[in-house]
Amino acid sequence: MGTISPISFRKKLLTWSEEHPRNLPWTNIVDPYTIWISEVILQQTRAEQAIPYYQKLMKSFPSLAHLANSSLDELLLIWEGLGYYSRARNLHKAAKFIQNELNGVFPNTYSEILKLPGVGDYTAAAISSFAFKLAFPVVDGNVVRVLGRLCGVESSFHSTEGRKQFYQLANQFLDQKVPDLYNQAIMDFGATHCLPSNPLCNSCPFHLQCTAYKIGRIQDFPIKKSRQKSSEKFLHYFLLQDSKDRIIIRQRDDRSIWKNLFELPGLFLDQEKTLTAPQIKKNLRLFGIALNNYKILKIKQYHHLLTHLKLNIKFYIIHYDGLKDQKTLNKIQMVEIKTLSKYAFPKIIRLFLDQNLNRRYAK
DNA sequence: CACGCGTGGCT
DNA sequence: TAGCCAAGCGT
């Protein structure tokens with residue numbers, strides 16, 4: 001399988017890296033806390049999308065103590081719109097763990113770093129090498145693509161066998177003397193040169209030794225697992241606005257999507273339909289809500305695509321005079337529209353609120 | 001271990 | 001355009 005010696009690969013890769021510096025906000029950082037934050041933000045996320053979030057987060061929580069002493073809701077508000085919110089929940093949990101159990105000192109061995117919630121093989125290797133110069137190879141999507149093509153790896157990284165092969169290769173190629181520079185270089189090379197589609201093979205320093213290129217099968221590597229087709233879900237949300245510019249919101253507490261974020265009272269259905277007034281009334285009662293003099297003004301439809309789900313959302317815009325019985329309210333809160341910027345909402349709900357509230361709120 | 005988990009950019 | 005993919009992790 002090996003078509004290029006590790007020594008030759010390292011040398012060319014590090015040369016390429018010197019010639020193609022990638023000036024991102026987190027490059028050349030050595031503080032483990034800061035590296036950790038950046039790596040978690042970057043999980044499954046493009047650098048361009050990550051930058052503003054990294055900057056916001058470091059400004060609000062410049063040190064581990066700041067993060068550990070914050071509330072999860074504060075962090076989620078900063079994380080709003082970035083997606084994969086379990087990252088924020090785990091970040092918060094890990095910060096508290098380090099402060100309370102490790103005396104506020106960031107762990108400095110691979111196995112201890114790996115124990116932090118939200119830190120897996122990739123992130124542990126990244127922190128170990130970047131912050132502590134430990135010789136652990138990062139194996140992310142970029143590395144899988146580079147090594148998969150270079151060595152013509154015939155199995156998918158998502159299989160046990162493939163995973164084993166990729167880690168074996170990654171360890172062979174890793175430069176033990178400068179694991180930090182090597183890891184950064186191979187990811188940068190994957191991200192900017194050995195691109196997923198239309199890679200820049202003509203100017204590639206390895207193309208003469210690249211297995212996939214030599215056999216003319218660049219597009220076949222790395223081997224991918226077939227992706228499951230996404231299903232469609234139908235959501236119904238009720239925007240309940242009273243005459244005092246207040247609306248009703250609730251915090252998601254179940255274990256599925258958007259956990260711990262805020263939303264409107266509503267329901268998920270498996271099939272397309274439009275709720276009738278009695279059905280709306282009945283569903284509102286599940287939240288303990290009984291409205292006085294209400295009027296369904298209009299229904300706004302939105303579509304939102306997730307990797308595994310196609311969301312079809314109907315927002316029912318309802319104005320009302322007051323609630324019949326406030327004592328039975330079930331896990332909902334009534335908040336002034338002008339305070340909505342203090343609550344973290346999923347992207348699509350924030351978009352709807354921005355576009356449809358007849359009283360604006362401060363950003 | 002196959003699947004759930006967000007959002008955005010690219011082809 | 002509908003699918004693919006992006007510095008993955010937890011269960």
Side-chain angles (χ1 to χ4, degrees), chain A residues 22 24-27 29 35-54 76 79-91 93-94 113-130 136-146 148 156-164 166 170 180 183-192 194-199 219 222 224-233 252 254-261 263 302-311 344-351:
Chain A
R22 206 176 173 203
L24 294 167
W26 45 83
T27 49
I29 300 279
I35 291 168
W36 170 51
I37 297 291
S38 68
E39 289 303 335
V40 173
I41 290 177
L42 284 162
Q43 287 167 6
Q44 296 287 281
T45 305
R46 292 166 189 281
E48 311 80 65
Q49 193 190 0
I51 290 171
Y53 286 89
Y54 170 79
L76 282 172
W79 206 272
E80 183 191 283
L82 189 57
Y84 285 146
Y85 299 98
S86 65
R87 292 182 292 173
R89 295 190 295 269
N90 284 327
L91 212 52
K93 200 187 296 178
I113 294 168
L114 188 59
K115 286 180 187 166
L116 300 175
V119 173
D121 292 334
Y122 163 76
T123 305
I127 298 172
S128 296
S129 62
F130 297 148
F136 291 88
V138 290
V139 183
D140 72 334
N142 293 307
V143 175
V144 167
R145 191 165 56 253
V146 173
S156 163
F157 181 65
H158 298 284
S159 68
T160 307
E161 173 58 25
R163 204 177 166 76
K164 200 175 114 188
F166 277 102
D180 51 338
N183 278 340
Q184 190 61 62
I186 192 168
M187 284 193 289
D188 287 349
F189 182 73
T192 65
C194 192
L195 303 165
S197 57
N198 305 323
Q219 69 278 19
K224 315 171 214 107
K225 63 164 183 185
S226 61
R227 194 175 287 235
Q228 173 149 328
K229 221 169 69 176
S230 71
S231 60
E232 190 167 9
K233 290 278 183 191
R252 290 182 67 83
D254 56 67
R255 64 173 65 215
S256 73
I257 191 172
W258 301 331
K259 184 181 172 184
N260 293 72
L261 273 70
E263 64 176 357
Y302 282 72
H303 296 274
H304 190 58
L305 288 175
L306 285 65
T307 305
H308 60 297
L309 226 49
K310 186 192 285 184
L311 299 182
F345 290 97
K347 192 81 178 175
I348 190 66
I349 297 181
R350 177 69 75 187
L351 178 68

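Naming convention: chains lettered A, B, ... in sequence-line order (proteins, then strands); numbering from 1 in each chain.
- Side-chain contact check for A:Gln43 and A:Thr123: at least one donor-acceptor pair (N or O, by modelled atom type) lies under 3.5 Å.
- Using a 4.0 Å heavy-atom criterion, one finds that A:Thr160 contacts the sugar-phosphate atoms exclusively.
- At a threshold of 4.0 angstrom between heavy atoms, the contacts of A:Ser159 with the nucleic acid are absent.
- C:dC4 and B:dC3: their P atoms are spaced 15 Å apart (whole Å).
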(request) Dot-bracket notation for DNA chain B is requested: 5' to 3', Watson-Crick or G-U wobble pairs only, both distances under 3.5 Å, with ( ), [ ], | and . as defined. (result) .||||.|||||
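- When side chains are defined from C-beta on, A:Trp79 counts as touching A:Ile41, because their heavy atoms get closer than 4.5 Å.
- For the P atoms, the distance linking B:dA2 with C:dA7 amounts to 23 Å, nearest Å.
- Every residue two or more places apart in sequence or in another chain was checked for a side chain to side chain contact (heavy atoms under 4.5 Å, CB included) with A:Ser230, and none qualifies.
- Chain A approaches DNA chain C within less than 4.0 angstrom (heavy atoms of the protein), and the contacting nucleotides run 5' to 3' from C:dC5 to C:dG10.
- In terms of the side chain to side chain contact (heavy atoms under 4.5 Å, CB included) criterion, residue partners of A:Ala124 (sequence neighbours excluded) are, by chain and number, A:Tyr110, A:Ile113, A:Leu114, A:Val119.
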(request) Starting at the 5' end of nucleotides 5-11 of chain B, put B wherever the base has a protein heavy atom under 4.0 Å, S where only the sugar-phosphate does, and a dash everywhere else. (result) BBBBB-S
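- Nucleic acid contact for A:Trp79: none, since no nucleic acid atom lies under 4.0 Å from a heavy atom of the residue.
- Residues satisfying the ring-ring contact (aromatic ring centres under 6.0 Å, His included) criterion with A:Phe189, sequence neighbours excluded, are A:Trp16, A:His193, A:Phe206.
- Under the side chain to side chain contact (heavy atoms under 4.5 Å, CB included) criterion, A:Leu309 pairs with A:Ser231, A:Lys233, A:Leu306, A:Leu311, sequence neighbours left out.
- For A:Arg22, the salt bridge (Lys or Arg N to Asp or Glu O under 4.0 Å) criterion is met by A:Asp188, not counting sequence neighbours.
- In this structure A:Tyr302 satisfies the ring-ring contact (aromatic ring centres under 6.0 Å, His included) test together with A:Phe315, A:Phe352, sequence neighbours excluded.
- With DNA chain C read from its 5' end, the first of the two nearest nucleotides for A:Thr27 and A:Val119 is the one closest to A:Thr27.
- Listed by chain and residue number, A:Phe157 satisfy the ring-ring contact (aromatic ring centres under 6.0 Å, His included) test with A:Phe166 (two or more places apart in sequence, or in another chain).
- Residues satisfying the side chain to side chain contact (heavy atoms under 4.5 Å, CB included) criterion with A:Lys225, sequence neighbours excluded, are A:Ser156, A:His158.
- Residue contacts shown for A:Ala50 are absent, as no nucleic acid heavy atom lies under 4.0 Å away.
- Note on A:Gln219: nothing from the nucleic acid sits closer than 4.0 angstrom, heavy atoms only.
- Under the rule for a ring-ring contact (aromatic ring centres under 6.0 Å, His included), A:Trp258 has no partner lying at least two apart in sequence or in another chain.
- Residue whose closest nucleotide on DNA chain C sits further toward the 5' end, between A:Leu116 and A:Leu195: A:Leu195.
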